[in-house]
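Shown next, in structure tokens, is the structure this report addresses.
Count residues from 1 along the sequence.
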Amino acid sequence: QVPLVESGGGLVQAGGSLRLSCAASGRTFRLYAMGWFRQAAGKEREFVAAINWNGGTTYYADDVKGRFTISRDNAKNTMYLQMNSLKPEDTAVYYCAARRSTQAVTVMAPYDYWGLGTQVTVSS
């Protein structure tokens with residue numbers, strides 16, 4: 001098991017910024033690809049961003065490209081999602097996920113561990 005704990009969510013006005021963090025336990029964090037997903041009320045969970053084991057490769061959903069940045073600090077066992085120019089449609093519960101592979105992917109199924117999520121609400 002790799003416990004994952006998200007933090008940094010909250011209420012922000014449209015156009016504002018938030019930085020989400022995902023803290024992982026264990027000594028193998030650096031070997032895992034990581035991802036961020038989100039689920040809005042009444043909708044299915046969807047991909048947001050992913051990063052490979054060393055941060056050298058990243059992927060983004062089309063609707064967050066240019067606004068969100070995923071990063072990781074393996075020394076701190078932490079992944080981040082910097083969210084700028086937030087829109088009301090970004091409102092969702094944001095989940096971090098870890099995959100027992102060095103390669104990131106953009107679909108949910110290959111991820112092995114999930115956090116409980118953090119709420120992000122963007123007001124118009």
Provide the closest heavy-atom pair for [X] versus [Y] in the form atom of the first, atom of the second, distance.
| X | Y | result |
| --- | --- | --- |
| Y60 | A49 | CD2-CB, 3.7 Å |
| S25 | N77 | C-ND2, 4.3 Å |
| F29 | R72 | O-NH2, 2.9 Å |
| G35 | Y111 | N-CE2, 3.7 Å |
| Y95 | L116 | CE2-O, 3.4 Å |

Between [Y] and [X], is there a side-chain heavy-atom distance shorter than 4.5 Å?
| X | Y | answer |
| --- | --- | --- |
| I70 | Y59 | no |
| C22 | W36 | yes |
| L86 | V122 | yes |

Sub-6.0 Å ring centroid separation between F37 and F47:
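So the answer is yes for these two rings.
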
Distance, nearest 0.5 Å, that separates [atom1] of [X] from [atom2] of [Y]:
| X | Y | atom1 | atom2 | result |
| --- | --- | --- | --- | --- |
| D63 | E46 | CG | CD | 6.0 Å |
| S124 | Q13 | OG | CD | 9.5 Å |
| L18 | N84 | CG | CG | 9.5 Å |
| Q119 | Q39 | CD | CD | 11.0 Å |
| F68 | S85 | CZ | OG | 9.0 Å |
| E6 | Y94 | CD | OH | 12.5 Å |

Is there a donor-acceptor pair closer than 3.5 Å between any side-chain N or O of N54 and the backbone N or O of R30?
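No, the answer is negative, given that no donor and acceptor are paired below the 3.5 Å cut-off.
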
If you count the non-hydrogen atoms of other residues, nucleotides and ligands that lie under 6.0 Å from CZ in R45, is the total more than 12?
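Yes, the 6.0 Å shell around CZ holds more than 12 heavy atoms from other groups.
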
Count the heavy atoms belonging to other residues, nucleotides or ligands that lie under 6.0 Å from CG of L11, then report whether that count exceeds 12.
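Yes - once you tally the heavy atoms of other residues, nucleotides and ligands closer than 6.0 Å, there are more than 12.
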
Residue that, paired with M79, satisfies side chain to side chain contact (heavy atoms under 4.5 Å, CB included) out of I51, L20, L4:
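Exactly one option meets the side chain to side chain contact (heavy atoms under 4.5 Å, CB included) with M79, and it is I51.
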
Check D112 with R100, please: is the shortest side-chain N to carboxylate O separation under 4.0 Å?
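Between D112 and R100 there is a salt bridge, with a charged N closer than 4.0 Å to a carboxylate O.
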
Indicate yes or no: does D90 engage R38 in a salt bridge with an N to O separation below 4.0 Å.
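The answer is yes: the pair qualifies as a salt bridge.
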
Check step by step if side-chain contact (heavy atoms from CB on, under 4.5 Å) holds for T91 and V120.
CA-CA 5 Å; T91 295; V120 171; 5.9 Å; no

Please answer: with hydrophobic residues joined when any side-chain heavy atoms are less than 4.5 Å apart, are V105 and Y113 in the same cluster?
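No, V105 and Y113 fall in different hydrophobic clusters.
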
